[in-house]
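See structure below.
Lettering follows sequence order; numbering is per chain, from 1.
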Amino acid sequence: MEYAFREIEEKWQKRWKEERIYQVSNDSDKPKCYVLDMFPYPSGAGLHVGHPLGYIASDIYARYKRLQGFNVLHPMGFDAFGLPAEQYAIETGQHPAVTTEKNIEAFKKQMDNIGFCFDWSREVRTSDPRYYRWTQWIFLELFHSWYNREASKAEPISTLVNIFETQGNQAHPCPGEASLRFSSGEWLAFGENKRQKILMNYRLCYCGIGEVNWCEALGTVLANDEVVNGVSERGGYPVVKKKLRQWYLRITEYADRLLEGLGTVDFSEAMKEMQSNWIGRSSGADIEFKIKKPGSADALPLTVYTTRPDTVFGVDFMVLAPEHALVSEIKSPGQAAAVEDYVAYVQSRSERERIAEKKISGCFTGAYAIHPFSGKQIPVWISEYVLAGYGTGAIMAVPCGDERDHKFARHFNIPITNIIGDAYNGHEANPSKDVRLQNSDFLNGLPMAEAIEVVIRKLETEGTGLRKVNYKMRDAAFSRQRYWGEPFPIRWEEGIAYPLNEDRLPLELPYVETYKPGPEGEGPLANIPEWTAQHLETNTMPGYAGSSWYFLRYMDPGNDQVFASRKATDYWNQVDMYIGGTEHAVGHLLYSRMWTKVLSDLGYIGFDEPYKKLVNQGMIQGSSRFVYAFNFKLQPEIPVTFDHPVFVSFDVCRKYENDDPGLFKFILSRIGELSGLDPEKDFSTIGVIPLHVDIGLVSGNELDKEAFRRSNPKYAGAVFVSETDQYICGSEVEKMSKSKYNVVNPDDIVSRYGADTFRMYEMFLGPLEQSKPWDTKGIEGVHRFLKKLWRLFFPDGSLVVNDDAPTEGELRILHKTIKKVKEDTEKLSFNTAVSQFMICVNELTALKCHKKKVLEPLLILLTPYAPHVTEELWHLLKGAGSVLNASYPGYAEKYLQEATFTYPVAINGKTRTEMTFSADALQTDMEAEVLADNVVQKWIDGKQVKKMIVVKGRMINVVV
RNA sequence: GCCCGGGUGGCGGAAUUGGUAGACGCGCCAGACUCAAAAUCUGGUUCUCGCAAGAGAGUGGGGGUUCGAUUCCCCCCCCGGGCACCA
């Protein structure tokens, strides 16, 4: 009997489906374990071998936990709303609902092929009205809530109205408009319109006019994390700043809690750092300078933000952002023209230009600021290096301590004050905080770190400044001018947004024929008369809305009373293991963490961090292959015609690297008709162009020349130039993509080698978190392993398994495997676990071990990795029951035999004697000091044992 | 520029966290079976010298701590990722 993986996999997948073996109950006495994958966008391209990497890892972990007796929630769904789905629909001319449905079916089929243990009965789709009903509901919760900074949590907006009615907003300054102050009396006197406008400035999801990232090509605004280097993350289209009415998520109120929460979760350091960089918390002080208005006695206040108030005596100039409101007021008549020119210049520069070429530029305003302590007059400049959107849009410049200020001072010849003595060398700023201040009045002699506190206290008592914390993170744009997203359950009336009643949810997305933008930058929904007649909001929610809470819906997917029952969320609680790529570091992961905190604040769930542990799988890259097209054009007078495409082998190209004349001579010498021509004079064009070639036409690095000729009529007459009769392709590791012809489809691999081989091979490729190129060749080794495993049961074609007692050698290898695989699986170090399986099967084969008592535990151990073949073999062994369904709490221990092993024991490497240990001791305490004390100590005459080392599982070395 | 990772055979990668470096797999070489091929099996495979036994070198480079360093410390080089006028 051969290892017939196709039959086996078909048979078991059918059985698993029929028996709903993976369906999970919310009622169980078992401990729970929630293993989650980041759900995919169902794009039209389908899955390539890179996508399942994380799914396989989570699948192994989920199966492992299930075998250990956990009730495991391991669901899958689809992030079906959002820009890409709509773009794809536009490209193919079909309705997004149709293409999305089709793509989901294709994805599911591909996933089923691999044999995942997803509980499909819990599938969610963000574009399903039964799902987005609750996305809309959560939006309304956000809309109806404000962030109480005193309590550090979200509260219903009604509590805020109560506060306003009794005490105004003195204790709760408006996050949207800091200068807004009113008393309870004033509040009571405000009209409805004014009250609603004020409340809007407190809501966690609010509508406001703001500068947004507008992408003309996509016809929508984008959140900051969707814009990379001034262009859209999707498509790479230009993005410009534009003032628009937008919905926002007031995520800035959660900045501190999002930062603190990182301390309570198990994310990688890199991930935590990316998030805290994005949040960008800094602390310092706002300092108020007075500016003398030119030609008048009035003084205008200018507030700057600095993290280094200690350097306040080193200020040599002030810089405002060119957009700063004060600029037009303070410019002196003499400088007015120059300032206007400069502002115009800055406005003419796009975001991209500004980022690409950072040059020192600026303009003196003619105004002077008064130093709050020394009273010194300080020139006020404007420059584009100061950003309007951060801090107060103005800085105090301290050239001796800040590199940018230093360069600016040098460039414009502004004299530099030195407040750090020798620490400043005169031509380079020194940003150190580890210096004692000089030249700094009441701060002289103080270390900078201490001076910060002294200055802030003095500023606060004198009323010229305040302690201040700033964040780089901005509120997130929450509306899109697109069709394929959740409609906002909002109705507009006289400029006021009114939420729809809950009983109108879901507010379903209407059907449209075209996705043309509506008038004045509105979305396609603005083209629908029935929609606009009701004054419904025409924007839709962004892609991250649905994905911010999907992990909660899996817990209770069919509930139509609430997004998930409290009982279900209390039971499943946090995600124990979340696996996905790093690309969502500052998008999805931050938003879903915030939503979780809000739902927790409002009392709907009992935890405020969604993911207890996060693991980022690496990317599987493609290994591209290249052919080298000889590109030439003969001079018109040459009487030769040659219309075959010519391809030069990589080995030839490499041989003549940096020697083009040599290369061309060689090529010409190999082409009969062209031989004898002179590359120097007979050609008008000559060169070699690398072209991606479909990896399906290449085996290793050798091109299948015939298949290549057949692949494209253009290449039918292709001529190959190489040293041998093989054509060698060049290769490069790149991202896997259609356009690079390097995509490997998991379906092909599965049909050729089977799902178990595919699963094990993806894990064997290398550490989960590392990026690595796909190499189909190496898969043979894993496939061979599974065939060997099969032969362990069927050595001569028929099942040979006996009930004999295992020998010491067999137990030794089994226990080593149990120990290693358990440890590795726990650590998600699947590559080394697979290696151990190979060693185990190799050694058992060598020992000709066909013993049930050894093979059974091996199968259980192997089940999470290769579920199909183990299920088959288990049935052949046992006759009935499913190993997948089995629960073996501490299953490895169950098979721990009462065996003893004898080891040679050496002192400092020299063998002295043999000693016998129980299997149990070896399992857990191989190098334990207990063993050393109890057993070895006596034998080595009381010398102190420094360490015991088991050498290759064959010898124990005692170091004294 | 700043902050994280990382650098080990021809290749992907191991190394019990300071203890025989190179597990396991790919590739390659030799052999067995076969009319032959495939499949399978056995042995070999870090490099240099040597027929061999063996000797020497060896974890990006240089230095240090240690009986002992891929592992710890300092300096430098290279690769991957993230951030980037955030005052």
Indicate whether any N or O donor in one side chain lies under 3.5 Å from an N or O acceptor in the other, for A/Tyr865 and A/Asp756. no
Closest to the A/Met838 side chain, choosing from B/rG25, B/rC41, B/rC83: B/rG25
Output the rounded distance in Å from CG (A/Leu786) to P (B/rU40). 13 Å
Between B/rC4, B/rC26, B/rA23, which one does the side chain of A/Ile839 approach most closely? B/rA23
Nucleotide B/rC85, atom C1' - distance to CH2 of A/Trp381 in whole Å: 18 Å
Are A/Ser361 and A/Tyr342 close enough that a side-chain donor and a side-chain acceptor fall under 3.5 Å? yes
Checking base pairs now: Watson-Crick or wobble, both atom distances under 3.5 Å. What partners B/rG31? B/rC41
Using the closest heavy atom to pick a nucleotide of RNA chain B for each, name whichever of A/Val586 or A/Ile779 lands nearer the 5' end. A/Ile779
Could you tell me the separation between the CG atom of A/Leu792 and the P atom of B/rU40, rounded to a whole number of Å? 16 Å
According to the Watson-Crick and G-U wobble definitions, with both distances under 3.5 Å, which nucleotide is paired to B/rA36? none
Interatomic distance at P, B/rU8 relative to B/rG1, whole Å: 24 Å
If you look at every strand shown and take non-hydrogen atoms under 4.0 Å, does A/Val386 touch a base, only sugar-phosphate, or nothing? base
Would you list the atom pairs, donor with acceptor, under 3.5 Å between side chains in residues 761-771 of chain A and any protein atom, with sequence neighbours excluded?
| from | atom 1 | to | atom 2 | distance (Å) |
| --- | --- | --- | --- | --- |
| A/Tyr761 | OH | A/Asp775 | O | 2.5 |
| A/Glu762 | OE1 | A/Leu53 | N | 3.4 |
| A/Ser771 | OG | A/Met619 | N | 3.0 |

For A/Met763 and B/rC24, what is the distance between atoms CE and C1' respectively, to the nearest whole Å? 16 Å
Quick one: label A/Thr582 by what it contacts on the DNA or RNA (base, sugar-phosphate, nothing), any heavy atom closer than 4.0 Å. nothing
Is A/Arg784 close enough to B/rC41 that one of its side-chain N or O atoms is under 4.0 Å from OP1 or OP2 there? no
Pair A/Phe650, A/Phe626 - check ring-ring contact (aromatic ring centres under 6.0 Å, His included), show working. CA-CA 8 Å; A/Phe650 176 66; A/Phe626 296 89; 9.1 Å; no
Distance check, C1' atoms only: B/rU17 and B/rC85, in whole angstrom units. 42 Å
Strand partner of B/rC83, provided both Watson-Crick or wobble distances fall under 3.5 Å: B/rG1
Salt bridge between A/Glu428 and A/Arg410, side-chain N to carboxylate O under 4.0 Å? no
Considering only the C1' atoms, how many Å lie between B/rG58 and B/rG9, rounded to the nearest integer? 11 Å
What is the distance, to the nearest angstrom, from the CD atom on A/Glu2 to the P atom on B/rA38? 17 Å
Find the distance A/Arg791:CZ to B/rU40:P and express it as a whole number of Å. 7 Å
With a 4.0 Å cut-off on heavy atoms, is A/Lys787 in touch with a base, just the backbone sugar-phosphate, or nothing at all? sugar-phosphate
In whole Å, what separates the C1' atom of B/rG50 from that of B/rG56? 12 Å
Could you state the atom-to-atom distance from CG of A/Asp824 to P of B/rA15 in whole Å? 8 Å
Syn within 90° of 0, anti beyond: B/rG5 is anti
Does the pair A/Glu403/A/Lys407 count as a salt bridge with the N-to-O cut at 4.0 Å? yes
A/Thr303 and A/Asp286: side chain donor to acceptor below 3.5 Å: no
Detail all sub-3.5 Å separations between protein N/O atoms and N/O atoms belonging to nucleotides 9-13 of chain B.
| from | atom 1 | to | atom 2 | distance (Å) |
| --- | --- | --- | --- | --- |
| B/rG12 | O2' | A/Leu765 | O | 2.8 |
| B/rG13 | OP1 | A/Gln770 | NE2 | 2.5 |

Output, in order, the C-alpha distance, side-chain angles, deciding distance and verdict of ring-ring contact (aromatic ring centres under 6.0 Å, His included) for A/Phe317 and A/Phe408. CA-CA 10 Å; A/Phe317 56 103; A/Phe408 194 87; 5.3 Å; yes
Compute whether any side-chain donor of one residue and acceptor of the other, for A/Tyr390 and A/Ser282, lie under 3.5 angstrom apart. yes
Phosphate OP1/OP2 of B/rA87: any A/Arg308 side-chain N/O under 4.0 Å: no
B/rG22 versus B/rU59 - spacing of their C1' atoms, nearest Å: 9 Å
The answer to which of A/Thr832 and A/Glu273 contacts RNA chain B further toward the 5' end, by nearest nucleotide, is A/Glu273
Taking the same atom, P, in B/rG60 and in B/rU70, what whole-Å distance lies between them? 9 Å
Watson-Crick/G-U partner (both atom distances under 3.5 Å) of B/rA23: none
In whole Å, measure the gap between the P atoms of B/rA69 and B/rU20 for me. 12 Å
B/rG25, OP1 or OP2 - any side-chain N/O from A/Tyr761 closer than 4.0 Å? no
Interatomic distance at C1', B/rG10 relative to B/rU45, whole Å: 11 Å
Atom CD of A/Glu826 and atom P of B/rU16: how far apart are they, to the nearest Å? 18 Å
Could you identify the nucleotide paired to B/rG54, looking across every strand shown and requiring Watson-Crick or G-U wobble geometry with both distances under 3.5 Å? B/rC49
What's A/Leu387 touching, base or sugar-phosphate or nothing? Going by heavy atoms closer than 4.0 Å. base
Which residue pairs pass the salt bridge (Lys or Arg N to Asp or Glu O under 4.0 Å) test with at least one member in residues 307-318 of chain A, sequence neighbours excluded? A/Arg308-A/Asp310
Touch class at under 4.0 angstrom, heavy-atom based, for A/Asn842 against every strand present: sugar-phosphate
When both hydrogen-bonding distances must be under 3.5 Å and the geometry is Watson-Crick or G-U wobble, what is B/rU70 paired with, if anything? none
Counting any heavy atom closer than 4.0 Å, what does A/Lys788 reach on the DNA or RNA strands: base, sugar-phosphate only, or nothing? sugar-phosphate
